[in-house]
Amino acid sequence: MSSDDLLVTCTNAALTFGRGPQAVVAVHGANLEIFAGDRLAIVGPSGSGKSSLLHLIAGLEQPTSGTVTRDSCLGAYDIGLVFQSDSLVPALNVAENTALPLVLADRPEDEARQAALEALALVDTADLADRLPEEISGGQAQRVAAARVLAQGPRLILADEPTGRLDHTTGARVLDALLTAADHTGAALVVTTHDPAVAARLAVRRTMRDGRLLVAEEVS
Ligand code: ADP
Ligand code: MG
């Protein structure tokens with residue numbers, strides 16, 4: 001793989017919250033490279049530092065020590081975020097929610113709506129287009145979140161426990177939607193999860209334990 005495909009590099013990236021005796025080391029020096037097209041699961045129990053690492057990758061947090069470098073071509077709109085609980089805007093219907101990143105990026109409204117409807121169709125949610133978030137289930141909302149990312153067309157999709165509150169069957173459909181989104185846009189996909197069944201769907205798995213991102217050999 002050429003270095004052109006390297007999107008994000010974490011080098012001994014650490015994140016500590018607070019200072020002194022109250023300090024919590026959420027991430028100990030993590031080393032990680034994310035390339036275009038990667039399908040990466042970050043697996044670990046609650047509190048192991050998965051969200052913190054994802055925030056470092058996204059640039060939502062700055063490392064307390066070490067570095068996180070993103071490809072210079074990777075702008076804010078090139079990173080698509082999906083969180084555990086859906087972050088749909090309650091007053092907007094599903095189509096409007098899906099079109100939102102494009103509208104915010106100043107794309108013409110009809111073009112944004114068209115892209116949104118195509119994205120919804122790709123993740124099997126076209127029939128929900130006119131519904132409000134309160135009129136759909138949690139699993140449907142997560143698939144809409146995947147559609148929104150698909151419409152946005154980012155180069156990197158970061159999903160933080162996107163199936164965390166869902167049963168296995170519904171979670172599998174959300175993961176289908178995320179994989180569809182990543183395949184369709186050619187984006188790298190990083191998914192955090194505590195669920196081995198979810199992790200098994202991603203090509204590469206890295207384990208987090210007590211803030212440490214283990215190297216493959218350390219996983220027992
Ligand atoms: P995970 O996503 O695996 O559940 P987190 O990254 O959320 O783990 O948390 C890792 C550790 O960092 C936990 O001990 C948590 O309590 C702590 N932590 C996370 N966010 C903050 C914060 N904003 N302030 C203080 N401590 C935090
Ligand atoms: Mg978390």
Side-chain angles (χ1 to χ4, degrees), residues 7-34 38-70 76 79-88 138-139 141-146 148-149 154 156-168 170-175 177-179 181-182 187-216 218-220:
L7 301 177
V8 180
T9 308
C10 300
T11 308
N12 293 322
L15 182 61
T16 301
F17 291 106
R19 286 164 189 269
Q22 267 87 51
V24 174
V25 184
V27 180
H28 293 266
N31 291 296
L32 177 67
E33 290 182 327
I34 302 170
D38 274 359
R39 302 283 179 265
L40 170 66
I42 296 170
V43 201
S46 180
S48 59
K50 304 181 298 296
S51 295
S52 300
L53 178 61
L54 211 69
H55 293 170
L56 285 173
I57 294 168
L60 295 172
E61 298 276 4
Q62 298 307 313
T64 337
S65 64
T67 59
V68 177
T69 53
R70 277 170 292 278
I79 301 180
L81 299 167
V82 176
F83 297 103
Q84 175 170 18
S85 47
D86 64 280
S87 39
L88 303 181
Q142 288 301 70
R143 278 151 64 206
V144 171
R148 182 172 56 187
V149 157
L156 175 60
I157 300 172
L158 303 175
D160 195 6
E161 303 230 30
T163 65
R165 293 184 187 164
L166 306 174
D167 63 71
H168 275 287
T170 311
R173 293 192 74 186
V174 168
L175 209 66
L178 285 167
L179 287 164
L189 174 65
V190 181
V191 177
T192 69
T193 183
H194 58 265
D195 183 348
V198 170
R201 301 279 311 274
L202 285 299
V204 177
R205 289 169 290 278
R206 295 283 301 272
T207 300
M208 277 208 92
R209 201 174 287 158
D210 299 333
R212 295 181 196 283
L213 182 66
L214 306 185
V215 297
E218 289 176 308
V219 181
S220 53

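Bear in mind the structure is a predicted one, so any value in this text is a computation, not a measurement. Ligands are counted one by one from 1 in listed order, and the atoms in each one are counted from 1 as well.
Rounded to the nearest 0.5 angstrom, T193 OG1 and R201 CZ are separated by 11.5 Å. Between the CD1 atom in I57 and the CG atom in L32 there is a gap of 5.0 Å [rounded to 0.5 Å]. In this structure, CD on E161 lies 10.0 Å from CG on L54, to the nearest 0.5 angstrom.
Contact annotation for atom 19 (C) of ligand 1: protein present (non-hydrogen atoms, distance under 4.0 Å). Checking atom 16 (O) of ligand 1 against the protein gives no heavy-atom contact under 4.0 Å.
Summary of contacts: the protein heavy atom closest to atom 3 (O) of ligand 1 is K50 NZ, 2.8 Å. At the shortest separation from atom 14 (O) of ligand 1 among protein heavy atoms lies V24 CG1, 3.8 Å. The closest protein non-hydrogen atom to atom 8 (O) of ligand 1 is G49 N, 3.1 Å. Nearest protein heavy-atom neighbour of atom 12 (O) of ligand 1: A26 CB, 3.4 Å. Summary of contacts: the protein heavy atom closest to atom 7 (O) of ligand 1 is S51 CB, 3.8 Å.
Counting heavy atoms only, S52 comes closest to atom 6 (O) of ligand 1 of the residues S52, A23, G211.
In plain terms, the two heavy atoms of G139 and L166 that are nearest each other are N-CD2, 3.6 Å. Taking every heavy atom of both residues into account, Q142 and F83 meet most closely at NE2-O, 2.9 Å. Residue A14 comes nearest to G29 through the heavy atom pair CB-N, 3.9 Å, listed as atom of the first residue, atom of the second, then distance. Heavy-atom minimum distance, R70 versus L56: NH1-O, 3.2 Å. Minimum heavy-atom separation, A182 to L189: CB-CB, 4.0 Å.
Taking distance alone, with nitrogen or oxygen atoms compared against 3.5 Å, F17 stays at or beyond that limit from ligand 1. Here's the thing with E161: none of its N/O atoms is less than 3.5 angstrom from an N/O atom of ligand 1. In terms of polar-atom proximity, defined here as any N/O pair under 3.5 Å, G47 does make such a contact with ligand 1.
Residue contacts to the Mg ion (ligand 2): S51 brings an N, O or S atom closer than 2.8 Å.
Within the 4.0 Å heavy-atom shell around ligand 1 one finds P45. Within the 4.0 Å heavy-atom shell around ligand 1 one finds S48.
Remark: side-chain polar atoms of R205 are not paired, donor with acceptor, to backbone N or O of I42 under 3.5 angstrom.
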